[in-house]
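The structure appears below as structure tokens.
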Amino acid sequence: MEEGSSAGSAGSDSSTSGSGGAQQRELERMAEVLVTGEQLRLRLHEEKVIKDRRHHLKTYPNCFVAKELIDWLIEHKEASDRETAIKLMQKLADRGIIHHVCDEHKEFKDVKLFYRFRKDDGTFPLDNEVKAFMRGQRLYEKLMSPENTLLQPREEEGVKYERTFMASEFLDWLVQEGEATTRKEAEQLCHRLMEHGIIQHVSNKHPFVDSNLLYQFRMNFRRRRRLMELLSEKSPSSQETHDSPFCLRKQSHDNRKSTSFMSVSPSKEIKIVSAVRRSSMSSCGSSGYFSSSPTLSSSPPVLCNPKSVLKRPVTSEELLTPGAPYARKTFTIVGDAVGWGFVVRGSKPCHIQAVDPSGPAAAAGMKVCQFVVSVNGLNVLHVDYRTVSNLILTGPRTIVMEVMEELEC
């Protein structure tokens, strides 16, 4: 986004570039808080924590009780204690995402006071940054719909990238979908999305141009955020940015030059090169969950590939051998707003590498080390995890998966 200006001003005052970097980090931080807050809002609506409430003969629509919410956060392991829960909600209050229903308390308190998400009462401040973010999120969701095929794996300069769109085709789509009335207006929209860190050129070498150049969304809006991430002082760009198969990014033909989650074979262990934190990566044990992190840095994402959780390689033939010590299980998993909550790895057969303990897959009974037999009735024992990932991504929100589990596990 600022590549051209920084290259042209190499000899200028360093405070300018420092200011630009700080502004970019603030945009990244704001985007993460907005997504985290919206995911929490939807969950609270779904579980009826947010509802109409009465006090002194007056009805306050779509609000929650602070004390009850803190109980809920601890119960759902979003906070370890009440003090932490207060700090988390104060972060949302400081960003203007929630507020006291009468705006009489700026601090979030562990008492029976009514608070509300500003998005539920139409008071959320829509500045240019927020408008660009919300526009980008809406476009992302439309592009992620099963019937849309604009996002595809493509190559540019000998490197294969996942989930890309071609600039010229994207402009056509924006006009066709009514997101812009003319091609020029569509291009102006793309420039705004790029300026606000929503999209980027796949290798961050070009501004947005109506051409055959490839671009990607720099953020996975569907990644399940942990509220505890709000207390992290690090910006998303300084944290580990590996992705699950449900947020495919960069795929290089040369494994020696890339640690892409999608290009390194399951048998190879790639050294973890950045900090480890529970919300993005834990140890590769039975409870390991590898979530995708947002990619809002100014450089292309660098993805890390954790070691396989399997104790030994297993072939499809071994699984199908009569009398083999494996039991078949079938799960029906309904994806939520941020996905299905598991990671697939391996090839012929694929296996479950990680499961989000609070996600839909875990609720259905899925565990690590299970082998994927079929997806929505289609046998996948003889394909790799890219194919399985694509089947899930392009299919319905509700998936039926048959797996095989070792009896001795």
Side-chain angles (χ1 to χ4, degrees), residues 1 21-45 49-50 62 64 66 69-70 72-73 76-80 83-100 103 105-108 115-141 193 195-199 217-241 247 275 277-280 291-298 336-339 358:
M1 176 173 66
Q23 183 180 12
Q24 179 61 40
R25 286 191 294 274
E26 176 59 23
L27 285 174
E28 295 170 5
R29 194 67 184 152
M30 178 204 69
E32 277 303 297
V33 175
L34 287 174
V35 174
T36 304
E38 179 62 8
Q39 289 181 1
L40 177 62
R41 186 183 75 88
L42 294 175
R43 290 176 67 189
L44 296 179
H45 270 288
V49 177
I50 293 177
N62 293 324
F64 58 88
L69 178 60
I70 290 176
W72 186 91
L73 292 174
H76 288 76
K77 295 181 171 50
E78 291 289 355
S80 57
E83 182 180 357
T84 302
I86 293 172
K87 290 180 180 179
L88 291 171
M89 298 311 297
Q90 188 62 49
K91 286 283 186 180
L92 296 182
D94 292 342
R95 290 281 181 168
I97 294 175
I98 63 170
H99 69 120
H100 177 251
D103 290 320
H105 302 275
K106 291 186 178 181
E107 294 183 355
F108 189 86
Y115 290 82
R116 184 186 291 129
F117 281 80
R118 289 191 178 276
K119 194 168 183 180
D120 283 332
D121 61 14
T123 62
F124 193 81
L126 295 177
D127 56 23
N128 290 335
E129 285 78 13
V130 173
K131 287 180 180 178
F133 171 82
M134 295 178 69
R135 187 75 176 273
Q137 185 176 29
R138 187 175 78 246
L139 294 175
Y140 181 88
E141 291 297 334
L193 293 177
E195 288 169 4
H196 291 285
I198 308 298
I199 62 174
F217 278 80
R218 300 176 69 182
M219 184 176 190
N220 176 13
F221 291 95
R222 291 187 171 185
R223 179 178 71 87
R224 182 188 293 275
R225 269 68 176 179
R226 302 293 183 186
L227 280 178
M228 289 300 296
E229 293 177 41
L230 295 177
L231 300 182
S232 172
E233 295 302 318
K234 295 182 180 180
S235 66
S237 60
S238 66
Q239 296 168 348
E240 185 172 15
T241 56
C247 180
R277 58 191 180 96
R278 183 181 181 276
S279 62
S280 64
S291 68
S292 54
S293 297
T295 308
L296 286 172
S297 60
S298 59
D336 59 17
V338 291
S358 63

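Numbering of residues begins at 1 and proceeds along the displayed sequence.
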Nearest non-hydrogen partners of [X] and [Y], listed with the distance:
X: L193; Y: A132; answer: CD2-O, 3.9 Å
X: L73; Y: A85; answer: CD1-CB, 3.9 Å
X: G136; Y: F217; answer: O-CE2, 3.6 Å

Is there a side-chain contact between [X] and [Y] (heavy atoms, below 4.5 Å)?
X: L44; Y: F117; value: yes
X: R138; Y: R135; value: yes
X: L92; Y: F108; value: no
X: F64; Y: R41; value: no
X: E78; Y: R43; value: yes

Pairing residues for [X] by the side-chain hydrogen bond (donor to acceptor under 3.5 Å, both in side chains) criterion, not counting sequence neighbours:
X: K119; value: E38
X: H76; value: E47, W72
X: H99; value: D103, D121
X: Q90; value: D94

Requested in this report: Starting from the C-alpha separation in whole Å, work towards a yes-or-no answer on side chain to side chain contact (heavy atoms under 4.5 Å, CB included) for I97 and R118.
Outcome: CA-CA 6 Å; I97 294 175; R118 289 191 178 276; over 6 Å; no
Query - NZ on K77 to CG on L227, rounded to 0.5 Å - result: 14.5 Å
**Report entry** side chain to side chain contact (heavy atoms under 4.5 Å, CB included) partner of L88, the single match among L231, L69, T36, L40
**Finding:** L231
Query raised in the report: Can a donor-acceptor pair be found between the side chains of H45 and D120 at a distance below 3.5 Å?
Result: yes
Query raised in the report: Quick one: which of R225, R95, K91 gives a salt bridge (Lys or Arg N to Asp or Glu O under 4.0 Å) with E32?
Result: R225
Query - Pairing residues for I86 by the side chain to side chain contact (heavy atoms under 4.5 Å, CB included) criterion, not counting sequence neighbours - result: I70, D110
